Amino acid sequence: MNSEKLSKRLTAVASFVEQNATLADIGSDHAYLPCFLVKAGKISKAIAGEVVKGPYESAIKNVQKKGLTEAITVRMANGLDAIHDSDGVDTVTIAGMGGPLIASILRDGAEKLHSVKRIVTQPNIHAMSIREWAVQNGWKIVDEQILKEDHKIYEIIVLEKGQADYSELEMMVGPYLLKEKSEIFIEKWKRESDEWKRVLASLEIAGDTVEINKKREQLREKNELLGGVLTN
Ligand code: SAM
């Protein structure tokens with residue numbers, strides 16, 4: 001992968017960034033995504049934020065190599081601290097991390113989101129944490145995508161400001177993805193369900209503490225919720 005030829009996963013993330021957006025890409029190892037979007041003529045200004053020195057230096061090097069230092073500012077910063085008020089950022093991308101980490105970056109940087117209109121997230125795991133953050137903080141889901149690359153399944157969740165109600169099942173699997181019910185979606189949730197059943201089977205013989213009973217109950221509930229999705 002490089003900034004001319006992105007992975008399928010990052011290409012999908014890029015497709016949700018709107019024409020002429022002012023972007024902050026948080027966790028921007030190599031700055032591949034902002035470089036690609038500027039080179040493609042989709043955006044002309046971006047911030048690439050990185051908290052770790054190695055990836056931050058890779059981002060600086062790549063932006064220089066591509067001759068994009070005018071368009072892309074690379075900052076070493078934790079989460080949304082990379083965004084300054086004067087940047088006028090209206091779109092944030094956060095890709096390639098766990099859902100809980102993405103949700104904590106959004107939670108910790110709440111005051112940086114005032115001018116932001118769209119957040120594109122690509123959680124590697126536990127996407128539900130992002131949906132939970134969204135409903136608790138005045139954001140709604142406007143689009144979702146699920147894709148498979150190198151045997152791994154990835155979800156993308158796109159948020160804009162607003163209120164929406166989601167069922168427990170929609171929160172778990174995603175309202176748009178549930179409606180679409182693609183083959184990859186079914187594969188993902190079959191895998192999850194099989195894993196829950198395996199854990200449940202080992203918990204059935206693990207004794208009877210309050211904690212084990214609670215875990216068993218949670219897994220049974222999740223499997224029941226999912227049941228209709230996998231059989232229809
Ligand atoms: N976004 C790229 C992608 O999707 O290919 C890079 C993903 S890489 C697995 C995650 C990057 O996020 C790492 O470079 C890591 O250092 C960075 N990161 C993790 N937590 C961060 C935070 N709180 N603020 C900024 N960057 C962070």
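Just so you know, ligand 1 is whichever comes first in the structure, and atom 1 is the first atom listed for that ligand. On a predicted model such as this, the values are computed, not experimentally measured, just so you know.
More than 12 heavy atoms of other shown residues, nucleotides or ligands fall within 6.0 angstrom of atom CD in Gln19. Atom NZ of Lys42 sits in a crowded spot, with more than 12 heavy atoms from other residues, nucleotides or ligands closer than 6.0 Å. Dense packing is recorded around CG of Asp194, with more than 12 heavy atoms of other residues, nucleotides or ligands lying under 6.0 Å away.
A salt bridge between Arg191 and Glu195 is absent, with no side-chain N of the basic residue lying under 4.0 Å from a carboxylate O of the acidic one. A salt bridge between Lys117 and Glu18 is absent, with no side-chain N of the basic residue lying under 4.0 Å from a carboxylate O of the acidic one.
Near Asp29, meaning under 4.0 Å from one of its heavy atoms, ligand 1 places the atoms 6 (C), 14 (O). Listed by number with element, the atoms of ligand 1 under 4.0 Å from a non-hydrogen atom of Gly79 are 22 (C), 23 (N), 24 (N), 25 (C). Within ligand 1, the atoms closer than 4.0 Å to a non-hydrogen atom of Ala77 are 24 (N), 25 (C), numbered from 1 in the order shown. Atom numbering of ligand 1 starts at 1 in the shown order; those under 4.0 Å from a heavy atom of Val52 are 16 (O). Proximity to Pro55 (heavy-atom distance under 4.0 Å) selects the following atoms of ligand 1: 14 (O). The distance from ligand 1 to the heavy atoms of Ile105 drops below 4.0 Å at these ligand atoms: 22 (C), 23 (N).
Residue Ser28 places every heavy atom at 4.0 Å or more from ligand 1. Note on ligand 1: Arg9 sits in its first shell, one or more heavy atoms being nearer than 4.0 Å. Contact analysis leaves Ala82 out of contact with ligand 1, as no non-hydrogen atom separation drops below 4.0 angstrom.
No N or O atom of Leu101 sits closer than 3.5 Å to an N or O atom of ligand 1. Residue Gly49 places no N or O, backbone or side chain, under 3.5 Å from any N or O of ligand 1. Not one N or O of Met97 is nearer than 3.5 Å to an N or O of ligand 1, by distance alone.
With Thr93 as the fixed residue, the side-chain contact (heavy atoms from CB on, under 4.5 Å) test singles out one of Ile119, Ile26, Val158, Leu33: Leu33. Considering Ile105, Ile83, Ile47, Leu159 as possible partners of Val92, the one that fulfils the side-chain contact (heavy atoms from CB on, under 4.5 Å) test is Ile83.
With no hydrogens or angles considered, a side-chain donor-acceptor pair links Arg216 and Asn213 at under 3.5 Å. Asp90 and Ser115 share no side-chain donor-acceptor pair at under 3.5 Å.
Contacts with ligand 1 closer than 4.0 Å are made by heavy atoms of both the backbone and the side chain of Ala95. Under 4.0 angstrom from ligand 1, there are no non-hydrogen atoms of Val13. Contacts of Ile94 with ligand 1, taken as heavy-atom pairs under 4.0 Å, are absent altogether.
Of the listed residues (Val51, Leu10, Asn78, Asp25), the one carrying the non-hydrogen atom nearest atom 23 (N) of ligand 1 is Asn78.
Arg9 and Ile156 make their closest contact through O-CD1, 4.2 Å (heavy atoms, listed as atom of the first residue, atom of the second, distance).
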